Amino acid sequence: MAEFLSLRDAVARYVEDGATVAMEGFTHLIPFAAGHEVIRQKKRDLTLIRMTPDLVYDQMIGAGCARKVIFSWGGNPGVGSLHRLRDAVEKGWPHKVEILEHSHAAMACAFEAGAAGLPLAVLRGYVGSELPSVNDQIKFIECPFTGERLAAVPAVRPDVSIVHAQKADRAGNVLVEGIVGVQKEAVLAAKQSIVTVEEIVDDLRAEVDYHPNACIIPGWAISAIAVAEKGSLPSYAHSYYPRNNAFYKEWDGIARDRDTFTRWIEENVMKAGGNA
Amino acid sequence: MAEFLSLRDAVARYVEDGATVAMEGFTHLIPFAAGHEVIRQKKRDLTLIRMTPDLVYDQMIGAGCARKVIFSWGGNPGVGSLHRLRDAVEKGWPHKVEILEHSHAAMACAFEAGAAGLPLAVLRGYVGSELPSVNDQIKFIECPFTGERLAAVPAVRPDVSIVHAQKADRAGNVLVEGIVGVQKEAVLAAKQSIVTVEEIVDDLRAEVDYHPNACIIPGWAISAIAVAEKGSLPSYAHSYYPRNNAFYKEWDGIARDRDTFTRWIEENVMKAGGNA
Amino acid sequence: MSTVDKDLDYTSSEMMTVTAARALQNGMTCFVGIGLPSEAANLARLTHAPDVVLIYESGTLQTKPDVLPLSIGDGELAETALTTVSVPEMFRYWLQGGKIDVGFLGTAQIDRYCNLNTTLIGDYREPKVRLPGGGGAPEIATNAGEVFITLKHSKRAFVDRVDFVTTLGFGRDGKGRDGVPNIGKGPTRVITDLCVMKPDPETKELVVVSLHPGVSREDVIEATGWEIRFAETLESTPEPSARELEVLRELKDRTARAHAGA
Amino acid sequence: MSTVDKDLDYTSSEMMTVTAARALQNGMTCFVGIGLPSEAANLARLTHAPDVVLIYESGTLQTKPDVLPLSIGDGELAETALTTVSVPEMFRYWLQGGKIDVGFLGTAQIDRYCNLNTTLIGDYREPKVRLPGGGGAPEIATNAGEVFITLKHSKRAFVDRVDFVTTLGFGRDGKGRDGVPNIGKGPTRVITDLCVMKPDPETKELVVVSLHPGVSREDVIEATGWEIRFAETLESTPEPSARELEVLRELKDRTARAHAGA
């Protein structure tokens, strides 16, 4: 049953040093507030899973939280590189970070398989790609009915998943709307889960925009809910606020240089309250 | 691109003798009008796939359309047996019908795999069940990561799938709402598809109850759309009409006896117009 | 349907439903079979377990039907659900994904090791009676945390050897779950109109642990197709409370009225 | 960004985008990569192919953005989509399920057999330049009916040997799709700011089939990292029409205005 906690308490309780953590949100509803809380609490040695690392993982990697990153597209969308990710992988700053690299299709299937309680995902994938030569987690199986060779990857089963959503109600049920990405799968695949939300409403079913088949995660499938207003800025929240495109461009300058980056984190994350 | 056809023309064009046909709708939105049209057009030797055969397949089997039935629960829900299915399987009337029997989980996964373009579905299923001893389509594979033994079944890939839905718009996009069952998967898994609908509206996106994540099947993924008002009676259509429970009970008496059944089909299906 | 117990103001059917309902704890997630399990699960929700989460295989998550559904996918289930998902999602994410505490099942036949048969009576190729088949049960029984079973007690149902193992209890020899990874505990109690049974912790053979008021050991022996065992300290099942009976009867009346109309 | 052709009122970038747009036919379903492919696909939709179905990997089905998205999951894409599905559904049902006629991709490196590299320059363990990675491309390239590729022509991009095959064209030897079941046709055309290339039907090696106005063979040779072949009858790419240029420029202006604000 979801417990309503402050973001600080939720991260303190559920994100342990050394844990495998998935923070999802496919360009939309990226849990930045939660990422900043992880940085403030100086979590270390995390295995960070995310299809598109984006700025949130660039910040966490630069701040020294990550030991390993599992991803399928690691760029600053619409801008260029993730300089902190590259600096960690290529130059080992602030320390060496290991990467494990997939395609989107494989990671999406791996989250889906995790949610479905399976140990593996099977897909028509990686045909002719050299990714299997650098990722020993990609194997191939033979279909027992057709003999076709199919790719197999291990299911994603994080220790904790963190996602951001529009609303929760007092019973802890969460609504995700718009681009829903793999958030529901991330929550269901994880042992523990934290959902940050823009706001708490009385009852999702009583909301004017309630729809019988809306993407709702029931409160009993979530560990903790924390209110984090504007919790996904500079990414966006459908029907709440738009993406801060200017900041994505600015980030390129901030993240290019270690000192500029460190100052930015110090001023904008470490010194900020629980809701930066 | 979906073509708007009469139900008669749609069935005539897409349901061929000997075809593999999935008519789905999980207790809700069962495509009865289409089933009756198949009976009227005296289609023969069909392999009928459906998780819950229900009255619609009982009628088609009794009317001689089926050669084989693939299913996972074959009863009259809330009432008892499907007498026509039993008579065909046990006594060979009107001719012998072969059955291939799964669990719901396996069939749901097989539809899902069909929609996902895979040749097989993998599940944690059939452990300790004797169904694999009577269904040679159930195999077991070993997970290459964990060594776990997992069940595998072939994906469902029908020649044609037929489902009923609430609305289509003029571009052929279809809305399914309420209990959505495996209708979307059935349509996407099939080579051809017919969707019968209660009504045609101008534009689904302009409807008052439009929701960004509603279950919508785009017109270009459908072969034909046919209007069939009350097309799922005696089952129901969420927000249109309730289930005719009385008829489900009555059916028990009608279907118990070959002559009563034959008369009922003659009077209620064969003599009815295109919209029985 | 069932006869009223002579000295008591409730039927053996009501005794069964109330006892089955009490097995569900508040807050549990329950994957509900249609019929007796559905009646018991909703009674639990309307009495001691208001926050029990009822899930039906039609995709209706956390549903609160006002009347009992006739079919597993009645409109009532969708209209009162928190949300409704596709049937593949239901079986993949919610059942196989490990979100279900208890699967609540009925059956046509059951044996001493809780194996269930809902497929047929007789031989598979030449059935005497063809039953509906497995439905959701085979995977509910293995993927839910535990399984409750409720059915009427009779020699036709409680058989020495089920004609077909549709759904695993503990296997023909009681060892069917041994060493199987990622499998639920299996059946933990069977509730009938006569008694409550639990599997022996070692052998997994069903043992009567509680007799309903007015029921004798002989009644159970008479209605069971094998030499049924009794626990050393046999309890007496607590009677239904006035409130439980009132809520159950109102529920069934509402249901009858609702379904008579259509 | 690009220089205006001397005698013509359009840039080589515009020439590339217009030519790429023309490759899309009305009614096609197109899985759209961000950047140049997205620009071309939306130009097609706004000109000759109003019913082209644009699908982005963020789950937005049949979207009609008024301005070009910066990221693959901009709000604009969801707000103008017919419906938005989960990312697993997008890759499983829509791409792998065979519903995509054409995948429209960009790339950092490409070789003569249309293999694409978006992973890195240099050695995998000691990269000189680390690129974003595969994203959706590896499975778009094999599961879509065919693939169009668009990128700027330069020796850095058109290399003799890609440093890493992120995404299959026709393999290191041109035979990478031979005998593979259930695989799309692969790349059928490559559109650059200089020319249009297509794979040789036999060898699968890229052949220039059309030169853009004002571009010489030498320009292409100069900008290609291998000995590029030319078709026997080399065509001249038709110029952009006034309407195409107008629509493209309006689209880019609207986009610039929209993104300057945020």
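So that the names make sense, note that chain A is the first sequence line, chain B the second, and so on, each numbered from 1. Owing to the predicted nature of the structure, the values given are computational and were not obtained by experimental measurement.
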Per-residue contact mode, C:E89 against chain B (heavy atom under 4.5 angstrom): neither

Among C:T84, C:T80, C:V85, C:T83, the one residue meeting side-chain contact (heavy atoms from CB on, under 4.5 Å) with C:T60: C:T84

C:D74 side-chain N/O to C:E76 backbone N/O, donor-acceptor pair under 3.5 Å: no

Among the listed options C:L168, C:I34, C:V165, the residue most often paired with chain B at heavy-atom distances under 4.5 Å: C:V165

Segment of C:N117 engaging chain B (4.5 angstrom heavy-atom cut-off): neither

Heavy-atom contact with chain B under 4.5 Å, split by part of C:V180: side chain

is_close_aromatic(B:H102, B:F71), centroid dist under 6.0 Å: no

Aromatic centroids of B:H104 and B:F26 separated by under 6.0 Å: yes

Contact leader toward chain B among C:I183, C:V129, C:L131, C:N115, where contacts are heavy-atom pairs under 4.5 Å: C:V129

Best-contacting candidate, B:E148, B:E101, B:M51, B:E90, against chain C by heavy atom pairs under 4.5 angstrom: B:E101

Side chain, backbone, both or neither of B:S103 within contact of chain C (heavy atoms, under 4.5 Å): both

Residue C:R177 versus chain B: region with a heavy atom under 4.5 Å: neither

Side chains of B:Y241 and B:E198, donor plus acceptor under 3.5 Å: yes

Part of C:T142 within contact of chain B (heavy atom distance under 4.5 Å): side chain

Contact origin within B:L123 toward chain C - heavy atom pairs under 4.5 Å: both

Proximity breakdown for C:S86 and chain B, heavy-atom pairs closer than 4.5 Å: both

Worked verdict on C:L116 versus C:I149 for side-chain contact (heavy atoms from CB on, under 4.5 Å): CA-CA 10 Å; C:L116 310 183; C:I149 298 160; 3.9 Å; yes

Proximity breakdown for C:I140 and chain B, heavy-atom pairs closer than 4.5 Å: neither

Engaged part of C:R130 at the chain B interface, taking heavy atoms whose separation is under 4.5 Å: both

Heavy-atom pair count under 4.5 Å with chain C, highest-scoring of B:K184, B:E185, B:H28: B:E185

side-chain contact (heavy atoms from CB on, under 4.5 Å) partner of C:E146, the single match among C:T188, C:I100, C:D101: C:T188

Check: B:Y236 side chain, C:G75 main-chain N or O, donor-acceptor pair, under 3.5 Å: yes

For chain B, the option from C:G133, C:P69, C:S71 that forms the most heavy-atom pairs under 4.5 Å: C:S71

Residue, of B:S72, B:G78, B:P77, that accumulates the most heavy atom pairs under 4.5 Å with chain C: B:S72

Atom group of C:F164 that falls short of 4.5 Å from chain B, counting heavy atoms: both

Donor-acceptor side-chain pairing of B:D252 and B:H83 below 3.5 angstrom: yes

B:L29 side chain near B:Q183 side chain, heavy-atom distance below 4.5 Å: yes

Interface residue of largest heavy-atom contact number with chain B, from C:G35, C:A81, C:G135, under 4.5 Å: C:G135

Distance flag, aromatic centroids of C:F104 and C:F31, threshold under 6.0 Å: no

Proximity breakdown for B:F111 and chain C, heavy-atom pairs closer than 4.5 Å: neither

Part of B:R86 lying under 4.5 Å from any heavy atom of chain C: side chain

When B:V134, B:T27, B:V182, B:V89 are compared by non-hydrogen pairs under 4.5 Å with chain C, the top option: B:V134

Any donor-acceptor pair under 3.5 Å from C:N42 side chain to C:S38 backbone: yes

Top contributor to chain C interface from B:Y126, B:Y248, B:W73 [non-hydrogen pairs under 4.5 Å]: B:W73

Distance-only polar pair, side chains of B:D58 and B:W251, donor-acceptor under 3.5 Å: yes

Portion of B:M107 that has a non-hydrogen atom of chain C nearer than 4.5 angstrom: neither

Greatest number of heavy atom pairs closer than 4.5 Å to chain B - which of C:P88, C:S58, C:A78: C:P88

Salt bridge (Lys or Arg N to Asp or Glu O under 4.0 Å) assessment of B:D87 paired with B:R84: CA-CA 5 Å; B:D87 200 20; B:R84 293 298 99 225; 2.7 Å; yes

